[in-house]
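Submitted below is the structure of interest, expressed as structure tokens.
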Number of protein chains: 2
Amino acid sequence: MDKNLLEICQYLANSNNAKTIYKFLESLLTPKELQTLSSRWQIVKLLDQGVPQRKIAKDLHLSLCKITRGSKELKKRNSILKKAVNQFQ
Amino acid sequence: MDKNLLEICQYLANSNNAKTIYKFLESLLTPKELQTLSSRWQIVKLLDQGVPQRKIAKDLHLSLCKITRGSKELKKRNSILKKAVNQFQ
DNA sequence: ATTCTTGTTACTATTAATAGTAACAGTTAC
DNA sequence: GTAACTGTTACTATTAATAGTAACAAGAAT
């Protein structure tokens, strides 16, 4: 595993404050990249709710290719993303 | 603050295991994006150590524009990134 | 059976980040 | 003073993600 990524993850693991983590992400990612993260998260939530891909694409003004990616991730057995999303559904 | 990003941050805040967080990031980011995160982190670490920008660029095979970004972030007063990095120096 | 809806894949065009490079200003060393 | 080093900015070219779109197959509804 990449040493730098591991350190980032360790920092996140040791942080218990969402706002602090938000600022951290803001300083490490561009505004566009944050927006990308946000939309990916939302895609996975909607997919998990059973919303059809085309409806998601239309509602969020996104293309299907982006949604297929989220779909594949959710289908993985024991997907961590699925578990994460379920905490907020 | 964006609701989706907030949820992501909340998830991270509640996770105390670096490996779990790593898997989470892997499922939300592309391999290239993870690599980008890694190199940004490394840039900030080296800048914090006082390594000249051109040496960083040469050693990491990166361009200066990327490094200037990290430099600006570090100069912000109370930069969270600076604090984060210092935990690993 | 056929129509409709769905997930998936494939394709080109576009966009944002950034590589590669040059130029400039400020500092330091000589 | 000037030469060397530094941080910063600006520029074009490249790259990866993705928008927009069409096509295909599978299943459900009629």
Side-chain angles (χ1 to χ4, degrees), chain A residues 2-5 8 22-82 84-86 89, chain B residues 2-5 8 22-82 84-86 89:
Chain A
D2 180 276
K3 183 187 161 223
N4 300 303
L5 287 176
I8 292 173
Y22 187 77
K23 284 181 190 166
F24 177 75
L25 293 182
E26 261 187 330
S27 70
L28 209 52
L29 298 167
T30 67
K32 275 279 168 192
E33 286 165 345
L34 286 176
Q35 196 179 313
T36 294
L37 270 193
S38 169
S39 89
R40 284 182 190 160
W41 179 258
Q42 196 168 11
I43 286 171
V44 174
K45 276 204 295 183
L46 294 173
L47 282 173
D48 191 56
Q49 288 170 15
V51 179
Q53 294 189 7
R54 278 178 179 73
K55 179 161 171 48
I56 296 175
K58 193 181 175 191
D59 291 354
L60 303 188
H61 305 290
L62 300 171
S63 70
L64 283 179
C65 67
K66 200 168 180 176
I67 295 167
T68 298
R69 183 185 144 75
S71 166
K72 283 178 185 168
E73 192 57 44
L74 274 192
K75 279 180 183 165
K76 286 184 188 169
R77 211 176 298 277
N78 294 322
S79 162
I80 188 115
L81 201 47
K82 189 179 181 69
V85 154
N86 274 321
Q89 301 277 21
Chain B
D2 180 277
K3 185 188 161 223
N4 299 304
L5 286 176
I8 292 173
Y22 188 78
K23 284 181 190 165
F24 177 74
L25 293 182
E26 261 187 330
S27 69
L28 210 51
L29 298 166
T30 66
K32 275 279 169 192
E33 286 165 346
L34 286 176
Q35 196 179 312
T36 294
L37 269 193
S38 169
S39 87
R40 285 182 190 160
W41 178 258
Q42 196 167 12
I43 286 169
V44 174
K45 276 203 297 183
L46 292 175
L47 283 172
D48 191 56
Q49 289 171 14
V51 178
Q53 294 189 7
R54 279 179 178 75
K55 178 162 171 50
I56 297 174
K58 195 182 174 191
D59 291 354
L60 303 188
H61 303 290
L62 300 170
S63 71
L64 282 178
C65 68
K66 201 168 180 177
I67 295 168
T68 299
R69 185 186 143 76
S71 165
K72 282 180 185 165
E73 190 57 44
L74 273 192
K75 278 180 184 165
K76 286 184 188 168
R77 213 176 297 276
N78 295 323
S79 162
I80 187 118
L81 202 45
K82 190 179 180 69
V85 154
N86 274 320
Q89 301 277 19

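In this text, all values refer to a predicted model and were calculated from it rather than measured experimentally. When reading the values below, keep in mind they use all heavy atoms of this one structure, side chains included, and skip hydrogens, waters and symmetry mates. Numbers restart at 1 for each chain; the letters A, B, ... are given by sequence-line order, proteins then strands.
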Quiz item: Which whole-number value in Å describes the distance from B/Q53 CD to D/dT9 C1'?
Solution: 11 Å
Quiz item: Taking atom C1' of C/dG7 as reference, at what distance in whole Å does atom NZ of A/K55 sit?
Solution: 17 Å
Review item, nucleotides 14-17 of chain D N/O atoms under 3.5 Å of protein N/O:
from: D/dA17; atom 1: OP1; to: B/T30; atom 2: OG1; distance (Å): 2.7
from: D/dA17; atom 1: O3'; to: A/R40; atom 2: NH2; distance (Å): 3.4

Self-check item: Spacing between A/L47 atom CG and C/dG7 atom P, to the nearest angstrom
Solution: 8 Å
Quiz item: Does any N or O in the side chain of B/T68 come within less than 3.5 Å of the main-chain N or O of B/L64, such that one atom is a donor and the other an acceptor?
Solution: yes
Quiz item: Between atom CD1 in A/I56 and atom P in D/dT18, what is the gap in whole Å?
Solution: 15 Å
Quiz prompt | Non-neighbouring partners of B/E26 that pass side chain to side chain donor-acceptor pair (under 3.5 Å), sequence neighbours left out | solution = none
Exercise. Taking the side chain as every heavy atom from C-beta outward, state whether B/I8 and B/L28 have any atom pair closer than 4.5 Å.
Key: yes
Self-check item: Heavy-atom side-chain proximity of B/L60 to B/L46 below 4.5 angstrom
Solution: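 B/L60 vs B/L46: side chains touch.
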Quiz item: Minimum heavy-atom separation for B/K82 to B/D48, with atom names?
Solution: NZ-OD1, 3.0 Å
Quiz item: With distance as the sole criterion, is a donor-acceptor pair present between the side chains of A/S27 and B/K76 under 3.5 Å?
Solution: no
Practice problem: Let me know the distance between CG of A/L29 and P of C/dT18, rounded to the nearest Å. | Solution: 10 Å
Practice problem: Assign B/K72 to base, sugar-phosphate, or nothing according to its heavy-atom contacts below 4.0 angstrom with the strands shown. | Solution: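 Answer is sugar-phosphate: B/K72 comes under 4.0 Å of backbone atoms only.
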Quiz item: In whole angstroms, how far is the P atom of D/dT6 from the NZ atom of B/K58?
Solution: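 About 12 Å, once rounded to whole Å.
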Quiz item: A/L60 has an atom CG; how far is it from atom C1' of D/dT18, in whole Å?
Solution: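 Interatomic distance, CG of A/L60 to C1' of D/dT18: 14 Å.
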Quiz prompt | Nucleotide C/dG7, atom C1' - distance to CD1 of A/I43 in whole Å | solution = 15 Å
Exercise. Mark up nucleotides 25-30 of chain C, 5' to 3', with B wherever a protein heavy atom is under 4.0 angstrom from a base atom, S wherever such an atom reaches only the sugar-phosphate, and - elsewhere.
Key: ------
Which side-chain N or O atoms in residues 52-59 of chain A pair as donor and acceptor under 3.5 Å with protein atoms at least two apart or in another chain?
from: A/K55; atom 1: NZ; to: A/D59; atom 2: OD2; distance (Å): 2.9

Quiz item: What distance do B/N86 atom CG and B/K45 atom NZ have between them, rounded to the nearest 0.5 Å?
Solution: 11.5 Å
Exercise. Indicate the atoms forming the closest heavy-atom contact of A/L81 with A/V44, along with that distance.
Key: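 Minimum heavy-atom separation between A/L81 and A/V44: CD2-CG2, 3.7 Å.
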Side-chain atoms of residues 30-38 of chain A: list all donor-acceptor pairs with protein atoms under 3.5 Å, sequence neighbours left out, distances to 0.1 Å.
from: A/T30; atom 1: OG1; to: A/E33; atom 2: N; distance (Å): 3.1
from: A/T30; atom 1: OG1; to: A/E33; atom 2: OE1; distance (Å): 3.3
from: A/E33; atom 1: OE1; to: A/T30; atom 2: N; distance (Å): 2.9
from: A/E33; atom 1: OE1; to: B/R40; atom 2: NH1; distance (Å): 2.8
from: A/E33; atom 1: OE1; to: B/R40; atom 2: NH2; distance (Å): 3.3
from: A/E33; atom 1: OE2; to: B/R40; atom 2: NH2; distance (Å): 3.0
from: A/T36; atom 1: OG1; to: A/K32; atom 2: O; distance (Å): 3.0
from: A/S38; atom 1: OG; to: B/D2; atom 2: OD1; distance (Å): 2.9
from: A/S38; atom 1: OG; to: B/D2; atom 2: OD2; distance (Å): 3.1
from: A/S38; atom 1: OG; to: B/N4; atom 2: ND2; distance (Å): 3.2

Exercise. Search all heavy atoms of B/A84 against all heavy atoms of A/F24 and return the closest pair with its distance.
Key: CB-CE1, 3.7 Å
Quick test: give all pairs of protein nitrogen or oxygen and nucleotides 20-24 of chain C nitrogen or oxygen below 3.5 Å, distance rounded to 0.1 Å.
from: C/dA23; atom 1: N6; to: B/R54; atom 2: NH2; distance (Å): 3.1

